[in-house]
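Hydrogens, waters and symmetry mates are skipped; everything else that's a heavy atom, side chains included, is used. Nothing here was measured: the structure is a model prediction, and the numbers come from that model.
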Amino acid sequence: RMNDSQQHRGPDEGSVHLEPGLGFGHRRLSIIDIATGQQPLFNEDGSVVVVFNGEIYNYQELIPELQAAGHRFHTRSDTEVIVHAWEQWGEDCVKRFRGMFAFVLWDRNRQTLFMARDRLGEKPLYWSHSPRQLLFASELRGLRVVPGFRAEIDEQSVAALLRWSFIPHPFTIYRDVRQLAPGELLRARLDGGEVQVETRRWWDLGEVVDRASRQPPLVGPEADRELAALVDDAVAFALAQGRSAGVDVIRDFARGGFGVVRGLRLGDTIDFTGLTAAGPIKATLDASTRLKLTSAGTVLASVRRRAST
C-alpha cells in the first residue's frame with residue numbers, strides 16, 4: 001500500500017523487497033541505466049540493499065575508484081554506486097556524492113539501517129519512529145496508508161505554517177512525523193527488541209558560509225573566472241549524462257547584468273533557447289562561444305547537446 005500510494009512519483013516500475021523485520025519499496029522513474037537500474041538494488045552478496053531517489057552526478061568518477069578497491073558492478077546505474085560506497089566508506093560515503101538524493105539502505109551484516117538526504121534538501125524524506133518500528137517515505141501520503149498511523153496535527157507546525165508559509169525542519173504537519181533535514185543522516189539499530197534512532201548533520205550550509213566569510217573575497221576578473229569555472233563544471237555534468245542543463249540568469253548579477261552559458265569542454269555543439277522580457281533568444285554554441293545576455297529581468301534558458309554527426 002505504501003508503494004502504491006506513490007505511483008505518481010515513479011510510473012515506470014515498482015517493486016518491493018521483504019525480509020524478516022524489514023520491507024523496502026520503490027517506484028521508479030527511469031532516467032539512468034533504464035535496462036538494469038531497477039530497485040531495490042543489492043550489493044554482490046545481497047547483504048546491503050538500497051532504495052534511492054535522485055541522481056548522483058559524479059557516479060561515473062566513483063565507479064573506477066570503487067572497482068580498484070575490489071567492488072564488482074553489475075549495472076551502469078548511479079544507485080549501485082551507493083551500496084559499494086557504503087561498503088567502502090561507511091557513513092562518510094555521503095561526503096563523496098555530488099548530486100540530489102535521498103536514500104535508505106539496510107546492511108544486514110552490520111544490522112544497521114542508514115538514511116541520508118542531500119546537502120540542500122532537493123529530495124524529500126519523511127520518517128516516523130516508535131519503539132517497535134521505523135517508517136519512511138518520500139511523501140507523507142506514503143505514511144498515512146500504514147495501518148495504525150496517527151494523523152495527529154501538530155499545532156506548533158500549523159502556527160509556523162501560518163506565520164512563515166512553511167514548516168521548518170525537522171517538523172511536519174503531523175506530530176509523530178519528522179523530515180530528514182538537508183545534509184542530515186539517520187542511523188537505526190535494534191537494541192533489546194526496540195528500534196534505536198540517531199540523527200546528525202553531515203553537511204551544514206551555515207558552516208560553509210562561515211568558512212567562506214573568513215576568506216578574502218573574490219572580486220573583478222578573479223571572481224568572473226571562478227564563476228565561469230563553476231558554471232562550466234555544473235553544465236558539463238548535465239551534458240555528460242545526455243540531459244538538458246537549465247540556466248537562470250538575473251540582470252545586474254556578476255558585475256554587468258549578464259550570464260555566460262559555458263560548460264562545453266566536451267567539444268560539443270549545443271542548441272541554446274532562452275526567454276527574456278524582450279522576447280526569445282536562440283543560438284548555436286560551441287566551445288569557443290560565449291553568449292552575453294543583457295535583457296532586463298530574468299532569463300530562463302535551456303541548453304541541450306546536439307546529437308553527434
Y126 vs R178, side-chain contact (heavy atoms from CB on, under 4.5 Å): CA-CA, chis, key distance, verdict:
CA-CA 6 Å; Y126 298 91; R178 291 289 180 261; over 6 Å; no
Partners meeting side chain to side chain donor-acceptor pair (under 3.5 Å) with E222 (sequence neighbours left out)
none
Mind listing the closest non-hydrogen atom pair of [X] and [Y] along with its distance?
X: P124; Y: A102; value: O-CB, 3.7 Å
X: L41; Y: S77; value: CD1-OG, 3.8 Å
X: Q133; Y: V195; value: N-CG2, 3.9 Å
X: G25; Y: V51; value: O-CG1, 3.7 Å
X: R201; Y: P182; value: NH2-O, 2.7 Å

Let's go through E19 and W106 carefully: what are the C-alpha distance in whole Å and the side-chain angles of both, what is the deciding distance for side-chain hydrogen bond (donor to acceptor under 3.5 Å, both in side chains) to 0.1 Å, and is it a yes or a no?
CA-CA 11 Å; E19 60 181 81; W106 165 249; 3.3 Å; yes
Indicate yes or no: at least one non-hydrogen side-chain atom of [X] is less than 4.5 angstrom from one of [Y].
X: T79; Y: V50; result: yes
X: F73; Y: V81; result: yes
X: L125; Y: M115; result: yes

When rounded to the nearest 0.5 angstrom, what is the spacing between [atom1] in [X] and [atom2] in [Y]?
X: L113; Y: Q111; atom1: CG; atom2: CD; result: 10.5 Å
X: F52; Y: I82; atom1: CZ; atom2: CD1; result: 4.0 Å
X: Q196; Y: L134; atom1: CD; atom2: CG; result: 11.5 Å
X: T199; Y: R187; atom1: OG1; atom2: CZ; result: 9.5 Å
X: S130; Y: E194; atom1: OG; atom2: CD; result: 9.5 Å
X: L143; Y: S138; atom1: CG; atom2: OG; result: 9.5 Å

Audit row: E91, R200, salt bridge (charged side-chain N to carboxylate O under 4.0 Å, His left out) steps and yes/no
CA-CA 11 Å; E91 294 181 3; R200 69 175 177 88; 3.0 Å; yes
I'd like to know whether the aromatic ring centres of F136 and F24 sit less than 6.0 Å apart in this structure.
yes
Between H74 and F42 (judged by ring centroids, cut-off 6.0 Å), do the two rings come close enough to count as a pair?
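So the answer is no for these two rings.
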side-chain contact (heavy atoms from CB on, under 4.5 Å), that's the test. Do I153 and I173 meet it? Break it down for me.
CA-CA 6 Å; I153 300 298; I173 197 67; 4.1 Å; yes
Exam field: side chain [X] to backbone [Y], donor-acceptor pair closer than 3.5 Å:
X: N43; Y: V48; answer: yes
X: H17; Y: L22; answer: no
X: D118; Y: G121; answer: yes
X: N58; Y: R98; answer: yes

Thinking salt bridges, do R175 and E155 make one under a 4.0 Å N-O criterion?
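Salt bridge: no.
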For residues 161-172, please give each side-chain donor-acceptor pair under 3.5 Å, one per line with the distance, not counting sequence neighbours.
from: H169; atom 1: NE2; to: R117; atom 2: NH1; distance (Å): 3.1
from: H169; atom 1: NE2; to: Q179; atom 2: OE1; distance (Å): 3.3
from: T172; atom 1: OG1; to: Y174; atom 2: N; distance (Å): 3.1
from: T172; atom 1: OG1; to: Y174; atom 2: O; distance (Å): 3.0
from: T172; atom 1: OG1; to: V177; atom 2: O; distance (Å): 2.9

Any luck finding a side-chain donor-acceptor pair between [X] and [Y] under 3.5 Å?
X: S47; Y: R108; result: no
X: E184; Y: W203; result: no
X: H84; Y: E80; result: yes

Just do the side-chain contact (heavy atoms from CB on, under 4.5 Å) check on R119 and L205 with the steps written out, would you?
CA-CA 8 Å; R119 293 167 178 82; L205 179 60; over 6 Å; no
Any salt bridge (charged side-chain N to carboxylate O under 4.0 Å, His left out) involving residues 63-73? Give me the pairs, sequence neighbours left out, ordered by first then second residue.
E65-R96
Neighbour count >12 (heavy atoms, 6.0 Å) for atom CD, Q156:
no
With a 6.0 Å cut-off (strictly less than), is the heavy-atom count around CZ of R150, excluding the residue itself, greater than 12?
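12 or below, so no.
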So, applying side-chain contact (heavy atoms from CB on, under 4.5 Å) with F97, which one of Y59, Y57, F103 is it?
F103
Knowing that exactly one of D107, L186, V94, V104 qualifies, which makes a side-chain contact (heavy atoms from CB on, under 4.5 Å) with F114?
V94
Hydrophobic cluster identity match, L135 and L18, side-chain contacts under 4.5 Å
no
